[in-house]
Amino acid sequence: MNYRHIYHAGNISDVVKHVVLTLLLEHLRLKETPFGVLDTHAGTGFYDLQDERAQKTSEAQDGIYKLLTAPPVPDLAAYYDVLKNFNPGWSAGTAEAFQFYPGSPLLVARLLRSQDRLIACELHRDDAEALRRQMRPFAQTQVHHRDGYEALRGFLPLPEKRGLVLIDPPYETPDEFDRLAQAIREAYARWPQGLYAIWYPVKERPAIWRFHEALAASGIAKQLCAEFIYHEETRHDRLNGCGFILINPPWQFDERLRKLFPLLHDALQTEHRGVNINWLSGEAG
Ligand code: SAM
């Protein structure tokens, strides 16, 4: 396990992931009844963008720092609020006094209400310990030093009966997509009512085609694929974009992302402006 998220925190793909995550949480908050969230690959939860590892790649410069200096993007109010929470001295429209970037578990924790709950899993021992420290102020969260795939078997179905499963692995091994497809099938069989958000990197297309084919053949009823592409796919040794598989997404979420992604491309001033949104199964599929 070599992957450390601090090198990538706040990059374009991270921002897109957390924007989508925030919209899904806002949707869950529309009903009073409690919801649960399972974050299978949680990271440390909190990233200091002045840390030398973040500075070494400076990936946040093209990501969150671009977004901060762009005119506010409609639909992102909740995301901006969470950012402000961790950077109280920061004001919209500028990147000044912005230093701390919240990862998925901290972002979720901020958006939980008293009746909701988060289970966050992280396999790297030091990162799990760091996450535990970050989560201490949030009573409704649990941190487990545990394999995220195994956690899907251990925790699903969530007792709240509604909620979100975020699966965001590091894609360090060539078999990650195969492992993921199998894990998604099993998780869905345990909890078909759940809302699932599975993030993936867009690098090599053949691996993604196989992944999509496996999911389309899985029998899972409603699967939306949403990709945000920011480099032309002429090279496969870099992150050209990112994608989500959304199982049981909110009604008209495809339309919402079709409107939002071009605005995000504008705000991030991306080199390439690709948006691929299609149903692998269900709805229009
Ligand atoms: N979800 C985080 C966020 O958005 O802020 C970022 C997660 S990062 C992409 C992937 C994380 O998964 C890393 O922190 C890595 O240590 C952890 N990891 C790797 N293999 C794992 C496994 N089998 N189970 C749980 N965590 C794992």
Side-chain angles (χ1 to χ4, degrees), residues 1-25 37-49 51 53-54 57 59-60 63-64 67 78-79 82-83 85-86 100-112 118-135 138 141-156 164-184 186-187 196-203 228 239 241-246:
M1 285 186 41
N2 295 318
Y3 183 94
R4 309 308 297 277
H5 196 64
I6 180 72
Y7 289 99
H8 311 292
N11 73 9
I12 301 179
S13 284
D14 218 30
V15 167
V16 173
K17 180 205 325 174
H18 295 142
V19 162
V20 171
L21 177 61
T22 307
L23 297 182
L24 294 174
L25 289 162
V37 178
L38 172 60
D39 186 346
T40 59
H41 296 69
T44 61
F46 187 72
Y47 302 95
D48 180 352
L49 299 178
D51 183 292
R53 293 164 296 175
T57 58
E59 290 187 18
I64 189 60
L67 186 68
Y79 178 64
V82 176
L83 298 181
N85 222 283
F86 292 102
F100 301 111
Y101 189 75
S104 55
L106 217 50
L107 202 134
V108 172
R110 274 279 162 210
L111 292 168
L112 294 181
L118 164 67
I119 303 169
C121 300
E122 168 57 49
L123 194 57
H124 194 292
R125 186 178 296 279
D126 296 346
D127 287 0
E129 201 37 56
L131 179 60
R132 200 162 274 135
R133 285 195 297 276
Q134 290 303 331
M135 289 306 182
F138 301 97
T141 66
Q142 299 168 19
V143 174
H144 297 268
H145 173 224
R146 182 170 180 172
D147 179 280
Y149 291 116
E150 195 256 319
L152 290 168
R153 287 192 288 274
F155 290 117
L156 297 186
L164 169 69
V165 179
L166 172 67
I167 309 180
D168 180 24
Y171 296 87
E172 276 185 309
T173 56
D175 69 343
E176 190 91 65
F177 276 118
D178 297 334
R179 198 174 172 202
L180 194 50
Q182 178 63 23
I184 294 167
E186 286 175 20
Y196 295 77
I198 301 114
W199 183 95
Y200 63 87
V202 174
K203 284 187 177 172
F228 184 90
L239 198 55
C242 63
F244 270 100
I245 301 296
L246 298 166

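In each ligand, atom 1 is the first atom listed, and ligand 1 is the first ligand listed. Positions are given from 1, in the same order as the sequence printed here.
- Using a 30° and 60° split on the angle between ring planes, Tyr149 and His41 fall in the perpendicular class, above 60°.
- Salt bridge status for Arg132 with Glu129: present, with a side-chain N to carboxylate O gap under 4.0 Å.
- Looking only at side-chain heavy atoms (C-beta outward), Lys203 and Tyr171 stay at 4.5 Å or farther from each other.
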Show me the short polar-atom pairs for ligand 1: any N or O of it lying under 3.5 Å from a protein N or O, with distances only.
unit_1   : atom_1 : unit_2 : atom_2 : d
ligand 1 : 1 (N)  : His41  : O      : 2.9
ligand 1 : 1 (N)  : Ser104 : OG     : 2.9
ligand 1 : 1 (N)  : Asp168 : OD2    : 2.7
ligand 1 : 4 (O)  : Lys17  : NZ     : 2.8
ligand 1 : 4 (O)  : His18  : NE2    : 2.8
ligand 1 : 4 (O)  : Ser104 : OG     : 3.3
ligand 1 : 4 (O)  : Asp168 : OD2    : 3.3
ligand 1 : 5 (O)  : Ser104 : N      : 2.8
ligand 1 : 14 (O) : Glu122 : OE1    : 2.8
ligand 1 : 14 (O) : Glu122 : OE2    : 3.4
ligand 1 : 16 (O) : Glu122 : OE2    : 2.6
ligand 1 : 23 (N) : Asp147 : OD2    : 3.0
ligand 1 : 24 (N) : Gly148 : N      : 2.7
ligand 1 : 26 (N) : Leu123 : N      : 3.3

Decide yes or no on side-chain contact (heavy atoms from CB on, under 4.5 Å) for Thr141 and Leu112, but give the supporting numbers first. CA-CA 9 Å; Thr141 66; Leu112 294 181; 4.2 Å; yes
Run the side-chain contact (heavy atoms from CB on, under 4.5 Å) check on Phe86 and Leu106 step by step: do they pass? CA-CA 10 Å; Phe86 292 102; Leu106 217 50; 3.4 Å; yes
Asn11 vs Ser13, test: side chain to side chain donor-acceptor pair (under 3.5 Å). Steps then yes/no. CA-CA 6 Å; Asn11 73 9; Ser13 284; 4.7 Å; no
